[in-house]
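Worksheet for the structure shown next.
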Amino acid sequence: DLVDWQKPLLWQVGYLGEKYDEWVHQPVDRPIRLFHSDFLEFLSKTAWYVVFMVWTPVVLYLSWVSYTSLAQGNTRLFSSFTTEYSIPVHKYYFPFIFLLGMILWSLLEYLIHRFVFHMKPPASNYYLITLHFLLHGQHHKSPFDSSRLVFPPVPASLVIGFFYGVLRLLLPEVLGLSVFVGGLCGYVIYDMMHYYLHYGSPKKGTYLYGLKAYHVKHHFEHQKSGFGISTRFWDYPFRTLIPEETFKKEE
């Protein structure tokens, strides 16, 4: 092989150069060790239920905070520009704002998966290859490593905090929080669904069965398309849908 499987892979893959892209898309069924440090290795692995246990209480609490804050009647759109034509945001709008956050997350999920996780790092750039392998390459190399199918809470909290800060800058505080908590809920659903698509056994003909078949195709045949995980919706307008005839031929 091109790497020494007895040693951590993260610091080896950058030397693969032009061979990296082909190598990383040839899946193996074996666990991967990324770091020399046992502590860092521990932080890079997560059981699926940890994501649910950590973030679901946060979603519930922030939903309650958002709804009760909107119920005070002090939140208005465009109030920083004009008070005469500002629009009040009532508490009854919260479910729709929450849903908007989930929709925005689904778009973000697609964009990150396509343009960050599936970037093709330059063969001459050791660090970009290493970063790509850390973010997503290791998942495509070992798609059955159950400890690396969901995003570990520690690095996830940094990314989630970043997006919360962006929404706080763009929207009034309570409105931004309401959109954020919807997006956070979308993220939890995405991570749980991603794990299920790898290890679950959905009934044939169901929505999840179709998604599982779609995701399997992405891993083993169409790595340059099929970037939707929790939904195929965004693959349509961005023209990255896996051809339907590939599924019909197998049937």
Side-chain angles (χ1 to χ4, degrees), residues 1-46 48 51 107-156 158-159 162 187 190-191 193-195 197-199 211-230 232 234-235 238-243 246:
D1 204 338
L2 298 175
V3 296
D4 184 352
W5 288 93
Q6 305 305 315
K7 297 179 181 179
L9 294 188
L10 186 62
W11 314 118
Q12 300 184 58
V13 295
Y15 295 111
L16 296 180
E18 295 179 355
K19 298 178 181 179
Y20 171 74
D21 189 64
E22 181 181 359
W23 175 84
V24 81
H25 289 111
Q26 295 175 345
V28 297
D29 187 7
R30 62 186 299 171
I32 284 178
R33 184 178 179 93
L34 293 178
F35 299 97
H36 291 283
S37 166
D38 291 335
F39 179 68
L40 290 178
E41 187 69 10
F42 169 76
L43 292 180
S44 71
K45 294 183 175 183
T46 310
W48 69 269
V51 172
L107 174 59
L108 192 62
E109 167 200 319
Y110 173 90
L111 294 175
I112 291 175
H113 190 194
R114 179 179 178 182
F115 295 108
V116 180
F117 289 172
H118 278 273
M119 67 173 179
K120 186 175 181 180
S124 59
N125 196 314
Y126 171 90
Y127 297 103
L128 279 181
I129 293 175
T130 302
L131 177 63
H132 178 268
F133 190 72
L134 177 64
L135 291 176
H136 197 61
Q138 46 88 12
H139 173 55
H140 269 264
K141 188 63 183 175
S142 182
F144 302 112
D145 188 345
S146 61
S147 65
R148 300 189 189 277
L149 285 176
V150 296
F151 206 19
V154 173
L158 300 177
V159 178
F162 168 77
Y187 157 70
Y190 148 80
D191 241 356
M193 190 174 288
H194 184 216
Y195 185 90
L197 295 184
H198 278 262
Y199 277 92
L211 276 184
K212 182 179 177 72
Y214 193 73
H215 194 57
V216 168
K217 285 281 186 181
H218 167 72
H219 267 282
F220 296 101
E221 294 181 39
H222 297 271
Q223 292 95 348
K224 304 303 181 183
S225 57
F227 299 109
I229 296 176
S230 58
R232 289 191 247 183
W234 297 107
D235 280 313
F238 286 104
R239 300 181 181 276
T240 54
L241 192 71
I242 295 175
T246 62

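Distance check: Ile129 CD1 to Met119 CE gives 9.5 Å after rounding to the nearest 0.5 Å. With rounding to the nearest 0.5 Å, the separation of CZ in Arg33 from OG in Ser142 is 14.5 Å.
Without hydrogens or angle criteria, Arg114 side chain to Thr240 main chain gives no donor-acceptor distance under 3.5 Å. Using a distance-only test at 3.5 Å, with no hydrogens or angles considered, a donor-acceptor pair links the side chain of Glu109 to the main chain of Ser230. With His25 contributing its side chain and Asp21 its backbone, the two residues share a donor-acceptor pair below 3.5 Å.
Listed by chain and residue number, Ala123 satisfy the side chain to side chain contact (heavy atoms under 4.5 Å, CB included) test with Glu18 (two or more places apart in sequence, or in another chain). Residues satisfying the salt bridge (charged side-chain N to carboxylate O under 4.0 Å, His left out) criterion with Asp235, sequence neighbours excluded, are absent altogether. Applying the ring-ring contact (aromatic ring centres under 6.0 Å, His included) criterion to Phe35, with sequence neighbours excluded, gives no partner residue.
Within the 4.5 Å cutoff, no side-chain heavy atoms of Ile229 are placed close to those of Met193. Using a 4.5 Å heavy-atom threshold, the side chains of Pro121 and Leu131 count as separate. Looking only at side-chain heavy atoms (C-beta outward), Tyr195 and Val51 stay at 4.5 Å or farther from each other. The shortest side-chain heavy-atom distance between Trp11 and Phe133 does not fall under the 4.5 Å cut-off. Contact of the Val13 side chain with the Val24 side chain is not registered, since no non-hydrogen atoms from C-beta on lie closer than 4.5 Å. In this structure the side chain of Trp48 never reaches within 4.5 angstrom of the side chain of Leu149, judged on heavy atoms.
A distance below 6.0 Å separates the ring centres of His215 and His219. In summary, the aromatic rings of His139 and His194 are positioned with their centroids under 6.0 Å apart.
Of the N and O atoms on the side chains of Asp191 and Tyr187, at least one donor lies less than 3.5 Å from an acceptor on the other residue.
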